[in-house]
Student: 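Shown below is the structure under consideration.
Reminder, nothing fancy here: chain letters follow the sequence lines and each chain counts from 1. Computation of the quantities below employed the complete heavy-atom set of this structure, encompassing side-chain atoms and omitting hydrogens, waters and symmetry-equivalent molecules. Predicted, not measured: the structure shown is a model, and the values here were computed from it.
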2 protein chains.
Amino acid sequence: MATLSAAQLREHQRDEYNAFLAQCPGHQLLATLSDKWVTLVLAALADGPLRYSDLSRTIPGASQKMLTQTLRKLERDGLLTRTVTPSVPVRVDYEITALGRTLLPIQQAIKNWAETHIEQVHRARAAYDRGDAG
Amino acid sequence: MATLSAAQLREHQRDEYNAFLAQCPGHQLLATLSDKWVTLVLAALADGPLRYSDLSRTIPGASQKMLTQTLRKLERDGLLTRTVTPSVPVRVDYEITALGRTLLPIQQAIKNWAETHIEQVHRARAAYDRGDAG
DNA sequence: CAGGATCCTAGTCGATACTG
DNA sequence: CAGTATCGACTAGGATCCTG
């Protein structure tokens, strides 16, 4: 017990590194951005506020659970606001915040890169899959 | 069998939508970029080629499996090259490609946003968790 | 040194049913 | 209408052992 085994040591380093990564702002943002539904919700709200059911119709791929979960996360991060109108039935509007809007150019940049270079990537994949070494 | 149940219909729409998303270049790129290790590998190679063991030391958080898997994926996408030198023992160098380099500005943009706005996000989270409605 | 193959766990996602 | 709660399927990721 004087020293740690090599495996334990590596595990320790890994944990430390991962803890460090978890704190890295870049990766926090990436974790948010990489969420499939986040981008779609943000994009959907770019044109103006929407109600829950509108969002659910705009993004048919998302289950109720995922949609709600995504909305909560974004609200928590201050990227959108949730406004409840206590009528009968209830009405809830979601609106993107100024902070959320600053994210849109980044999404756009990603989209642009993708549209510009996706062909190259696809060709590279095809070559790789063909077993093309030279 | 004349009509589909509501559940089946929704499921169908979901599938279609997800198939559409899978084809969307932006989401393909996002799927790549969002991979924790991809960013790190790309960043590590930005300064010059590295060997497998170098990478593994630079990124202690990645397991062998994840590292290899990530490298293969990036090679397949044409974002880096893998060069084997058949000496004893074998030597393998990984180098970022021109295409891969075009991705770096985007990573940088993300990093910049994160560093600029992460504070706001953290404050928003704290307020949310405090149950701060107004 | 660089990785392939295998097993296994933990978290994610979706379907379903119920509530104010 | 706008959710919440729960359960099961799936799979990404990590540990481990083994090879050229």
Student: Tell me: OH of B/Y17 to C1' of C/dC13, nearest whole Å?
Tutor: 17 Å
Student: Quick one: A/R91 CZ to C/dG20 C1', roughly how many Å, whole number?
Tutor: 19 Å
Student: Has the side chain of B/T97 got a donor or acceptor atom that lies under 3.5 Å from a matching backbone atom of B/G100?
Tutor: yes
Student: Looking at A/T68, I'd like to know whether one of its side-chain N or O atoms comes within less than 4.0 Å of OP1 or OP2 on D/dA2.
Tutor: no
Student: In whole angstrom, what separates A/L67's CG from D/dC1's P?
Tutor: 14 Å
Student: Indicate yes or no: does A/R57 engage A/D54 in a salt bridge with an N to O separation below 4.0 Å.
Tutor: yes
Student: Using only side-chain N and O atoms of A/R82, determine if any of them is under 4.0 Å from OP1 or OP2 of D/dG3.
Tutor: yes
Student: For A/M66 and C/dG11, give me the distance from atom CE to atom P, rounded to whole Å.
Tutor: 15 Å
Student: Reckon B/W37 has a side-chain N or O less than 4.0 Å from the OP1 or OP2 of D/dG14?
Tutor: yes
Student: Measuring to OP1 and OP2 of C/dG4, would you say a side-chain N or O of B/Y52 lies under 4.0 angstrom away?
Tutor: no
Student: Ignoring backbone atoms, establish whether B/Y94 has a side-chain N or O less than 4.0 Å from OP1 or OP2 of C/dC1.
Tutor: no
Student: Closest heavy-atom contact between B/L104 and B/L42?
Tutor: CD2-O, 4.1 Å
Student: Scan side-chain atoms only and decide if A/Y94 and A/T83 contain a donor-acceptor pair under the 3.5 Å cut-off.
Tutor: no
Student: Would you kindly give the CG-to-P distance between A/L55 and D/dG3, to the nearest whole Å?
Tutor: 10 Å
Student: What nucleotide, of D/dT4, D/dC1, C/dA2, holds the atom closest to the side chain of A/R72?
Tutor: D/dT4
Student: If I compare all heavy atoms of A/L55 with all of A/L50, which pair ends up nearest, and what's the gap?
Tutor: CD2-CD1, 3.8 Å
Student: Cluster question for you: counting only ILVMFWY and a side-chain heavy-atom cut-off of under 4.5 Å, with indirect links fine, are B/F20 and A/I118 together?
Tutor: no
Student: Nearest-Å distance, CD (B/Q69) to P (C/dG4)?
Tutor: 11 Å
Student: Which residue is it: B/E95, B/K73, B/E75? I am looking for the one with a side-chain contact (heavy atoms from CB on, under 4.5 Å) to B/L80.
Tutor: B/E75
Student: Taking protein heavy atoms under 4.0 Å as touching, what does nucleotides 15-20 of chain D look like 5' to 3' if B marks base contact, S marks sugar-phosphate-only contact and - marks none?
Tutor: B-B--B
Student: Between D/dG14, D/dA2, C/dA2, spot the one nearest the side chain of A/R51, thanks.
Tutor: D/dA2
Student: Starting at the 5' end of DNA chain D and moving along, which residue's nearest nucleotide shows up first, A/D54 or B/A62?
Tutor: A/D54
Student: Are any of B/S56's side-chain N or O atoms less than 4.0 Å away from OP1 or OP2 of C/dA2?
Tutor: no
Student: Round to a whole Å and report the spacing from CG of B/L74 to P of C/dG3.
Tutor: 13 Å
Student: Write down the distance between CG (B/D15) and C1' (C/dG14), rounded to a whole number of angstrom.
Tutor: 11 Å
